[in-house]
Amino acid sequence: QVQLVESGGGSVQSGGSLRLSCTASGNRYSNYFMAWFRQAPGKEREGVASIDSGGSTSYADSVKGRFTISQDNAKNTLYLQMNSLKPEDTAMYYCAFGPGHYRSGLYVIPENYFDTWGQGTQVTVSS
């Protein structure tokens, strides 16, 4: 069974940067897709960025040009580099894993396709 552990969250000032990491253990799938989601207090969880089983990436419009999703298969780790952070980026960030093939196209892979979630890491951006 896949387990996910996020790290790298913290508190930064507006304009700052953070890099989130998500380490996957127990992954025996040769094909899979992963993503980052976030949830701010009082708001629904939203997709931030995803990387599909072919390695293609997709981003929410609100983070395009500022965030970069990447993965290191040798380390079983997913990353989210976040630059030019804004107060509206403040949220709990979650890593998600989905087994099998998925080609995402233009949009972040919807959350209902993922079956494993991490515990989350808090990102707080102050103005």
Side-chain angles (χ1 to χ4, degrees):
Q1 185 174 355
V2 176
Q3 292 185 319
L4 305 174
V5 178
E6 301 102 331
S7 61
S11 296
V12 296
Q13 290 190 328
S14 182
S17 297
L18 284 172
R19 188 176 80 157
L20 306 184
S21 299
C22 170
T23 301
S25 59
N27 179 16
R28 293 175 173 80
Y29 295 95
S30 57
N31 297 291
Y32 57 92
F33 46 96
M34 298 187 73
W36 289 96
F37 289 79
R38 67 186 181 186
Q39 188 168 21
K43 294 188 177 181
E44 292 186 353
R45 188 161 59 188
E46 63 173 350
V48 175
S50 61
I51 186 163
D52 70 17
S53 56
S56 296
T57 57
S58 300
Y59 297 90
D61 288 344
S62 59
V63 306
K64 281 181 182 176
R66 300 189 297 122
F67 291 11
T68 303
I69 188 172
S70 62
Q71 62 184 21
D72 184 333
N73 292 328
K75 295 182 179 180
N76 292 311
T77 301
L78 181 74
Y79 301 100
L80 185 68
Q81 178 66 43
M82 305 186 296
N83 298 328
S84 302
L85 282 161
K86 304 175 181 180
E88 51 263 44
D89 295 317
T90 295
M92 185 71 79
Y93 283 71
Y94 298 91
C95 172
F97 175 95
H101 288 282
Y102 193 100
R103 302 306 300 267
S104 59
L106 298 176
Y107 303 103
V108 177
I109 301 171
E111 63 176 89
N112 57 291
Y113 284 91
F114 296 93
D115 65 2
T116 303
W117 296 80
Q119 83 290 349
T121 186
Q122 178 68 38
V123 171
T124 302
V125 185
S126 58
S127 57

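Residue numbers run from 1 in the order of the sequence given. Computed over heavy atoms, backbone and side chain alike; hydrogens, waters and symmetry mates excluded. Here the structure is a predicted model, which is why all the values come from computation and not from measurement.
What you find for S53 and F33 is that their closest heavy atoms are N-CB, 3.9 Å. The minimum heavy-atom distance linking Q81 with N83 is given by the pair NE2-OD1, 2.9 Å. Across G47 and A60, no two heavy atoms sit closer than the pair O-CB, 3.4 Å. Residues G98 and F114 share a closest heavy-atom pair of N-CD2, 3.6 Å. Taking all atoms of both residues into account, the shortest heavy-atom contact from L4 to C95 is CD1-O, 3.6 Å. The heavy-atom pair separating F37 from P110 by the smallest distance is CZ-C, 4.3 Å.
N76 CG to S25 OG: the interatomic distance, rounded to the nearest 0.5 Å, is 8.5 Å. The line from OG of S11 to CG of L85 is 11.0 Å long, rounded to the nearest 0.5 Å. Here the straight-line distance linking atom OH of Y93 with atom OG of S7 works out to 15.0 Å at 0.5 Å rounding. The distance from atom SG of C22 to atom CH2 of W117, rounded to the nearest 0.5 Å, is 11.0 Å. Considering CG of D52 and OH of Y113, their distance stands at 13.0 Å, rounded to 0.5 Å. One distance of note links CD of Q39 with CD of E44; it measures 8.5 Å at 0.5 Å rounding.
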As a quick check of understanding, evaluate side-chain contact (heavy atoms from CB on, under 4.5 Å) for R103 and S56, giving each step before the final call.
CA-CA 8 Å; R103 302 306 300 267; S56 296; 3.6 Å; yes
Let me see the working for N31 and Y102 under side-chain contact (heavy atoms from CB on, under 4.5 Å), right down to the final yes or no.
CA-CA 9 Å; N31 297 291; Y102 193 100; over 6 Å; no
So V108 and V48, side-chain contact (heavy atoms from CB on, under 4.5 Å) or not? Walk me through it.
CA-CA 7 Å; V108 177; V48 175; over 6 Å; no
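Heavy-atom contacts from other residues, nucleotides or ligands closer than 6.0 Å to CD of E88 number more than 12.
The shortest distance between side-chain heavy atoms of Y94 and E111 does not fall below 4.5 Å. Within the 4.5 Å cutoff, no side-chain heavy atoms of K75 are placed close to those of S21. Between M34 and I69 there is no side-chain heavy-atom pair separated by less than 4.5 Å. Between Q119 and E6 the shortest side-chain heavy-atom distance falls below 4.5 Å. Side-chain contact between L80 and R38 is absent, with no heavy-atom pair separated by less than 4.5 Å.
Note on L18: it clusters hydrophobically with W36, by side-chain heavy-atom contacts below 4.5 Å among ILVMFWY residues. The hydrophobic clustering, which links ILVMFWY residues whose side-chain heavy atoms are closer than 4.5 Å, places L78 and M92 apart. Taking hydrophobic clusters as Ile, Leu, Val, Met, Phe, Trp and Tyr residues chained together by side-chain heavy-atom distances below 4.5 Å, M82 shares a cluster with V63.
Taking the side-chain hydrogen bond (donor to acceptor under 3.5 Å, both in side chains) definition, one finds that Y32 meets it with N73, sequence neighbours left out. N27 is linked by a side-chain hydrogen bond (donor to acceptor under 3.5 Å, both in side chains) to nothing, counting only residues two or more places apart in sequence or in another chain. Looking at residues two or more places apart in sequence or on another chain, you find a side-chain hydrogen bond (donor to acceptor under 3.5 Å, both in side chains) between K64 and D61.
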Side-chain donor-acceptor pairs of residues 120-127 under 3.5 Å, sequence neighbours excluded:
| unit_1 | atom_1 | unit_2 | atom_2 | d |
| --- | --- | --- | --- | --- |
| T121 | OG1 | G9 | N | 3.1 |
| Q122 | NE2 | A91 | O | 3.4 |
| Q122 | NE2 | T124 | OG1 | 3.4 |
| S126 | OG | V12 | O | 3.4 |

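For residues 114-127, no pair satisfies salt bridge (charged side-chain N to carboxylate O under 4.0 Å, His left out), with sequence neighbours left out. Here salt bridge (charged side-chain N to carboxylate O under 4.0 Å, His left out) pairs that include residues 90-100, with residues two or more places apart or in two chains, number zero.
Relative ring orientation between Y29 and F97 is described as tilted, the plane-to-plane angle lying within the 30° to 60° band.
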